[in-house]
Structure formats: C-alpha cells, structure tokens
Amino acid sequence: MFDLVSRLSQYNNLMWSGSLETLYMVAMSLFFAIVLGIPLGVLTTITRSGHILPNKYLNFILDGIINIGRSIPFIILMVAVIPFTRMVVGTSIGTNAAVVPLSLAAIPFMGRVTDNAILEVDNGVIESAQSMGASPSQLVFKVLLPESLPAIILGLTLTAISLVSYSAMAGAIGGGGLGDIAIRYGYQRFQLLIMLETIVILVVMVQVIQRIGNLIADSFDHR
Amino acid sequence: MIRIESLTKVYKAAQGDIEAIKNLNLEVDDGEIFGIIGPSGAGKSTLIRMLNLLEKPTSGSININDINLTELSSVNLREARQKIGMIFQHFNLLSSRTVLRNVAFPLEIAGVSKKKRLKKAKELIDLVGLGDRENAYPAQLSGGQKQRVGIARALANDPDLLLSDEATSSLDPESTKSILELLARIREEMNLTIILITHEMGVIKDICDRVAVIEEGEIIEKGSVFDIFAEPKTPLTKKFISAVIDFNLPPGIVKHLKEERPGEMVRVSFVGEKTHQPYISYLVKHYSVDANILYGNIDEIQGVPFGTLILDLEGDLENVENSIAYLKSEGLNVEVLDNV
C-alpha cells in the first residue's frame, strides 16, 4: 500500500496541474455557456408561439441552432472547428484551444437547459405580471429568470459535469488536463495506476460539482 | 365607470370559429361590486381577461373612465394596467419572493423607489391581516393567506378597478368567507370598483350589488342581486339560486303528498317587511284551507330579509285558488309547483 502511494506520489505535480487544467477548461467554457447559452435559451423560449414575444422565424432559427449544436458528437465537433479555433486563439493545441470547442458544445446545451427551465414557469404567474403592466424585459429579468433560477442552476451543474467529461475527450487531441494525462500516461505508456488515479479524481470532481450545484439550487428554491 | 360595448371574442379553431363572447354590452358603476356568474365554458373567464386585455378582443371596446383600452399603444396599455388590479383562482404569486416583495412587485414594475414601495407594501400587508408573515414565502402560506397576498399585491398601485377571476374557487368555505369579507371591506375603505367572476351563487349573494348571468357568451339575465334572487327569470339563474337556497323537496315526500290529498303545492317568496306579516294564519282562518309548511327559509340579501316558503295547501280547489289569489294580492311572489 505504502509502495503504491509512493509510486503515485511522484506524479503529484502532474496530477495537480492536470486537475487545474481541467478545472480551467470547464470554468472558462461554463463562463461562455452562461454569457451566451442562457440568453440563447431565454430568447428561444420567449419567441415561442403563445409566449411573451412570439416570433416564428427567430424561434425557428434559435431552436435550429440549439438542435444542430446538440446533435454533433463532441469528438467530431472538436476536430471540425480546428480552423475556427486557430483563428480565435492562434493555435489548436493546449487548454485555451480546447476552450473553443468546449464552449461551442456548452452554449447550445445550456441554451436547451435554460429553455426547458423557463418553460416550467407557470403561465399564470407570467400573466399576473402582465396584468400589472410589466414590460417584456421586466418579465424576463423579474419573473422568468428569478422563478426558474433553481432549475437553471441545476442545468448549469449538468452542463459543468458534461464539460468535465468533454474536457477529458479534448485531451485526445492535445487539449491538456486529466484526459490528456490518462491518454499519454495511462493508455500510451500502459501505466494503469495513473489511469485509475485520473478516473478517481474525475469522479470526485463530478461529485463535488453536483453537491455544490444542489446546495446552491436548494438555497434559491422556495417552492 | 366601466363601459363594455359590443365586445366579441372569436377563437380560430380547426373545426371552425368558436364565438366565446357574442356582442356583449355592459356598464359597471364606480364603487360597485359587480358579479358575473355562469357555468364553466360560458365565456366568463374570457370576458374578465379581456377587461385588462390579457385576452385581446376580436372586436368591440372596453372603456374605463372614458379611456378605450383597445385603442392604447402597448406602452400606454402597460400604464393603464397598473390601475387595474387582478386576483386569480390560483393566486399566481412569485414563488421566489417573500410576501413583502410579492406585494411590492407591482410598484417595482411601476418604477417606485425601493423605500416607498416597501413602506406601501407593509401597509397593505397589515390591511389584509398578514402583518406577521411578511418574510414568509408563498409556499409557507395557506390558500386563504396566499389570496390575501394576492389582494394586497393587486391594491399596490391604488387601482380604480379590481378584477377577480374565480378568486375563491380553490378555497375552503371558511377562507372563502373571510376573503369575501376582505373584498367587501376594501371596497368600502378604498372606494374600489370590483368585477368578479364566479360559478358560485353564494359569492354573488354575499358581496355583489349587481349580477349578470352569462351563458354561451351572452348575458341572459342582469340586475340587482336582490331582484335576481327574488324573481329569477331563466332556468339557469334558478338553478344557480337553488344551489344557495335549496327549496327542492325530496322526491319521496312529493310523491306521498300528491297521492294523498287534494290541493296545490306553492312556493311563496316574500321580501322586506313582508317577512313580519302573519299571512299563513290569515289564510287558514279566512279561506278554510289547511296550510302545511314543507320548507321555510329566511335569508338576507344585501341587508334585506328574503324568505321562501313551500306550502302544501289542502282544501277545495276553489278555496285553494282564492287563497293563492290572496297571497298574490298581498304582493307576494307565488309560484304553483306542478312538477316538483
């Protein structure tokens, strides 16, 4: 047992920096998912027929963007957007480069999650705010978003966890992070222990993210 | 004053157009509690939701204090809506906000400063008797308490008109009573006009001044609540009234009575000071008929006593007819019950 720990401990630095890289990639793409994915979801919902700003054409386009983004397998998306990644960050290798395809996957994902969350807001509540004279922007910021906040936070948690696993895939094309370590050390050099350790770290990471997400969502949930 | 003119609502459907409201005209005076009653599907919900344009009328106009809501731009409509409070069957409170912030919400929309709106919200919460629950969330309240929050919220912008969309329909009888009392009280205190829709005649009887009965998108009967109760004209209205004042006799008793004795069964309704007169004993003494009281009830509608009696009058046919004529001549409302 001691032997095992000491053999693994020589990779502590590597594991630590790999974990940080993974967290960095997840955090950065989560940031873009929040900044772009949530508005995408909100616009999709409110332009649906019968919602607060119905617009058939805009809704068709936005819903299409979400569906297309969600239907491309991540491993293919990653390769397909390499030219775009080069254009944005100047290289297609490394954690910064990985953030581009990760964000492109996370934005439509978060868009759909937000769309679903906002659709759950009771129509009667929206109507009551309309009966008070609320404008569409007041409806979004004072009714739809606050009322669906717990669901949106759980959706963000779901997105974050998907990003952890996507980021491991990004390791396959030189994206860095724990996935990269698992492939280079565990797979290519047959170091089974390294492979296992990265899996354990990933499992712990996912557990912690889910716990934190649940706690935050609960704290906003007064239903 | 609220003036509704030739209001029509047509829903487009695959099977053809459905006319939910048909060329409806109505005037409601300031400070009045006006009830609209009808069976489900009659269009009453569509009607009340058109009064603040939650539902857009197909044609016709809605004038509130001489402003035609149907002609307003969306910005002006939003402003006009601030002066029309609305309460709902399912309360529709924001679950993410405390009672205090729910009540302050309309003021927030209207752009009132935080200090002012919280002060006003607190006053209203006290007014509806929820002073100790201002920091509770809606999920922690009972149905009756939630509707009190709904009422306080509807009053936040000092509206001229309050619309009530089945506000007591999901409450137990006890809460219904206290909510109706609250509505009657705020009408007095704030000189508010209230238009309410309901399918319960009890609500109409308890707080309304006037009532319109609506069936298939049309008003079939309209008048003061008292008149409608005293002399309902349509079968639907009679049905609604019988839910509150039940003068239907058990069929077994009716059969028994009809078989055994000659005579007529009559329903006599009488109002006001007539409730104090000893008509029945006069009848028995002077027309040699026997009067058997099968049902009796005295109620109060808008503060006026209102009584109903069902009598089985036994005796010669002539005597019975004379006695009925006597009751009618005294100004009582007499109805011979042939097929009870």
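Proteins come first, then strands; the chains are lettered A, B, ... in the order of their sequence lines, and each starts at number 1. Worth knowing before you read on, the calculation uses all heavy atoms, side chains too, and leaves out hydrogens, waters and symmetry mates. Everything numeric in this text was worked out from a predicted model, so none of it was measured.
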Check whether Glu79(B) gets within reach of chain A through its side chain, its backbone, both or neither, counting any heavy atom under 4.5 Å.
neither

Heavy-atom pairs under 4.5 Å with chain A are the metric here; pick the option from His90(B), Glu108(B), Met86(B) that has the most.
Glu108(B)

Do any of residues 106-143 of chain A have a heavy atom less than 4.5 Å from a heavy atom of chain B, and if so, which, in residue order?
Asp122(A), Gly124(A), Val125(A), Glu127(A), Ser128(A), Ala129(A), Gln130(A), Ser131(A), Met132(A), Gly133(A), Ala134(A), Ser135(A), Pro136(A), Gln138(A), Lys142(A), Val143(A)

What part of Ile84(B) gets within 4.5 angstrom of chain A, counting heavy atoms only: side chain, backbone, both, or neither?
backbone

Counting neighbours of OH on Tyr11(B) that are heavy atoms of other residues, nucleotides or ligands and sit closer than 6.0 Å, is the number greater than 12?
yes

Please say whether more than 12 non-hydrogen atoms of neighbouring residues, nucleotides or ligands are located less than 6.0 Å from CZ in Arg211(A).
no

I'd like to know whether Ser95(B) forms a side chain to side chain contact (heavy atoms under 4.5 Å, CB included) with His222(A), so could you lay out the CA-CA distance, the side-chain angles of the two residues, the decisive distance to 0.1 Å, and finally the verdict.
CA-CA 6 Å; Ser95(B) 66; His222(A) 301 290; 5.6 Å; no

Please identify each residue that fulfils side chain to side chain donor-acceptor pair (under 3.5 Å) with Gln207(A), with sequence neighbours left out.
none

Please classify the contact between Leu93(B) and chain A as side chain, backbone, both or neither, with a heavy-atom cut-off of under 4.5 Å.
backbone

